[in-house]
Asks: 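Here it is, the structure in full.
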Amino acid sequence: MHKLTLKELSLQLQARKISAAELATLFLDRIEASDLNAFLHVDRDLTLAQARAADARLAGNDAGPLTGIPIAHKDIFVTRGWRTTAGSRMLQNYVSPFDATVVEQFNNAGTVTLGKVNCDEFAMGSGNENSFYGPVKNPWDTLAVPGGSSGGSAAAVAARLAPAATATDTGGSIRQPSALCGVTGIKPTYGSVSRFGMIAFASSLDQGGPIGKTAEDCGLLLNAMTGFDERDSTSLQRPKEDFNRSLNDSLKGLRIGVPKEFFGAGLAADVEQAVRAALSEFEKLGATLVDISLPKTELSIPVYYVIAPAEASSNLSRFDGVRYGHRAADYKDLADMYKKSRAEGFGEEVKRRILVGSYVLSHGYYDAYYLQAQKIRRLIAQDFQRALEGPDRQCDVIMGPVAPTVAWDLGDKTNDPVANYLADIFTLSTSLAGLPGMSIPCGFGQGEKNGKRPVGLQIIGNYFDEARLLNVAHQFQQATDWHLREPA
Ligand code: GLN
């Protein structure tokens with residue numbers, strides 16, 4: 001049962017072959033038996049109450065495609081009744097009085113919350129090692145990182161502890177852990193998924209999305225989690241669409257842009273091999289490969305690591321020990337209370353970003369760093385538009401690796417922030433441009449240690465072209481079985 005896709009599980013539930021309560025129990029038992037540290041909070045009573053409500057809807061013919069489906073939520077989405085920590089000590093005991101819009105949408109669809117999953121502190125990281133609650137192990141090889149920041153989401157789906165999970169992507173945090181854990185994830189166009197109740201990291205980049213086993217499952221989840229929300233000022237007002245409407249379209253004539261900047265020095269040979277093999281598979285499906293150039297790719301790292309910390313330094317100022325969060329036990333006066341509370345509540349990486357962010361926004365440096373980064377951000381977006389937009393466009397989608405290497409060893413990059421930042425080279429530009437991007441499993445790397453290490457193929461599309469990305473991914477998943485492979 002735990003191997004089934006959402007579509008298959010939904011059929012089982014609707015045919016009453018299994019109840020939502022039984023299904024939830026099955027996954028809760030798997031979670032309890034696991035030692036990956038993927039889940040931060042599990043509460044059987046809360047889960048089973050929701051499952052029983054789903055069973056009532058199933059019995060009353062009031063069920064949709066996700067009613068009774070168990071799901072894990074990244075611990076960055078606030079959830080009423082559950083703790084929400086954002087992977088931080090700062091929010092160790094925080095219980096939100098309301099649900100994030102994404103959580104509310106899933107609750108309305110009848111999904112059953114299995115628990116809250118681990119992530120890098122305030123979603124800052126690429127290996128999930130920045131969580132105050134300890135790293136998550138990669139289910140394929142427990143010596144390896146699962147990727148980040150949505151490492152708990154990706155590991156939970158890969159280990160079949162949950163059939164699907166919510167995640168967020170600011171600079172790659174849906175796509176990169178999906179790649180490193182061999183599962184499927186999509187970050188939609190910026191503004192598609194409400195950020196209300198999603199604890200803010202960098203507001204102009206943060207975007208929620210799903211992680212699942214298949215592209216089709218991701219489409220089902222996107223159908224539930226997108227939509228206009230007046231409580232998010234950057235939420236887009238667009239008609240509801242069925243993201244799975246073109247799954248079965250043929251790929252004959254599809255033009256795939258292959259950016260040369262995604263295949264240069266720094267890309268590991270084993271990753272390149274798996275990605276090139278996937279590209280050949282697409283040729284067999286009728287697509288043609290077009291060489292393209294995204295010349296500003298390299299600049300996405302310095303640009304992102306100016307803009308994201310700048311926004312983070314502002315967003316995180318609300319954690320002052322008064323309105324939210326941890327408060328130090330002993331302090332002399334108000335200023336001392338702020339200092340001690342923030343010093344104790346935030347981890348190293350978060351502090352580093354607050355410092356960098358405050359610096360690049362400060363008088364005298366604003367023009368040199370922040371403003372400059374914003375200008376280059378525009379040029380990065382224009383690179384993509386030249387390739388994907390207008391009558392002279394070169395391609396329909398862009399493909400390349402998600403990450404330059406397979407998952408690295410736990411502990412390998414802990415003391416080297418820049419090494420972590422460099423791992424984001426292929427995901428950041430999509431985020432800076434606000435474009436949709438996804439990751440699908442396409443093979444394994446070499447140098448097996450304690451197990452295989454998966455490789456992900458990245459598929460990037462024009463704004464609002466999610467249905468096409470899912471179509472392209474689905475056709476690949478009909479022709480290959482990488483997405484069905486499971487860790488030992
Ligand atoms: N790894 C990137 C960072 O550390 C992206 C994180 C994210 O997408 N949330 O900021």
Side-chain angles (χ1 to χ4, degrees), residues 74-77 86-88 102 117-131 135-136 145-154 165-181 185-188 190 193 195 198-211 300-316 346-357 360 373 377 402-405 407-408 413-414 416-439 456 458 460:
K74 182 173 180 179
D75 207 25
I76 202 117
F77 290 102
S88 182
V102 163
V117 280
N118 206 341
C119 57
D120 280 304
E121 186 175 6
F122 290 102
M124 298 174 191
S126 314
N128 215 117
E129 292 182 294
N130 296 335
S131 168
V136 176
V145 297
S149 64
S150 311
S153 308
T166 54
T168 62
D169 192 309
T170 302
S173 282
I174 293 176
R175 292 160 286 157
Q176 188 256 20
S178 294
L180 270 44
C181 287
I186 181 166
K187 174 197 100 77
Y190 178 79
V193 169
R195 290 182 295 106
M198 199 174 102
I199 294 174
F201 162 14
S203 307
S204 77
L205 294 154
D206 295 346
Q207 190 55 202
I211 292 180
S300 61
I301 294 182
V303 166
Y304 173 90
Y305 282 100
V306 167
I307 292 174
E311 294 184 19
S313 70
S314 162
N315 273 324
L316 270 55
F346 290 136
E348 290 271 300
E349 183 60 26
V350 173
K351 285 178 190 155
R352 188 176 297 121
R353 303 235 183 160
I354 292 172
L355 287 175
V356 170
V360 300
R377 179 179 190 175
V402 175
T405 64
W408 53 93
K413 298 188 183 180
T414 343
D416 190 348
V418 175
N420 270 287
Y421 302 167
L422 293 175
D424 298 334
I425 173 82
F426 303 131
T427 50
L428 297 177
S429 50
T430 323
S431 296
L432 289 163
L435 291 167
M438 76 183 291
S439 172
Q458 184 168 207
I460 301 164

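Counting starts at 1 for both ligands and their atoms, in listed order.
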Asks: Output, in order, the C-alpha distance, side-chain angles, deciding distance and verdict of salt bridge (Lys or Arg N to Asp or Glu O under 4.0 Å) for Glu348 and Lys351.
Replies: CA-CA 5 Å; Glu348 290 271 300; Lys351 285 178 190 155; 5.5 Å; no
Asks: I'd like to know if the side chain of Asp206 pairs up with that of Thr168 as donor and acceptor (distance under 3.5 Å, no hydrogens or angles considered).
Replies: no
Asks: From Tyr190 OH over to Leu205 CG, what is the distance, rounded to the nearest 0.5 angstrom?
Replies: 7.5 Å
Asks: Does either side chain, that of Ser173 or that of Ser149, offer a donor lying less than 3.5 Å from an acceptor on the other one?
Replies: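 Yes, Ser149 and Ser173 have a side-chain donor paired with an acceptor closer than 3.5 Å.
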Asks: For Tyr421, give me all partners under ring pair (Phe, Tyr, Trp, His ring centres under 6.0 Å), at least two apart in sequence or on another chain.
Replies: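 Applying ring pair (Phe, Tyr, Trp, His ring centres under 6.0 Å) to Tyr421 gives Tyr305.
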Asks: Output the set of protein residues with a heavy-atom contact under 4.0 Å to ligand 1, ordered first by chain identifier and then by residue number.
Replies: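 Near ligand 1, by chain and number: Ala123, Met124, Gly125, Ser126, Ser149, Asp169, Thr170, Gly171, Gly172, Ser173, Phe201, Tyr304, Tyr305, Arg353, Asp424.
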Asks: Do Ser153 and Lys74 pair up side chain to side chain, a donor and an acceptor below 3.5 Å, judged on atom types alone?
Replies: no
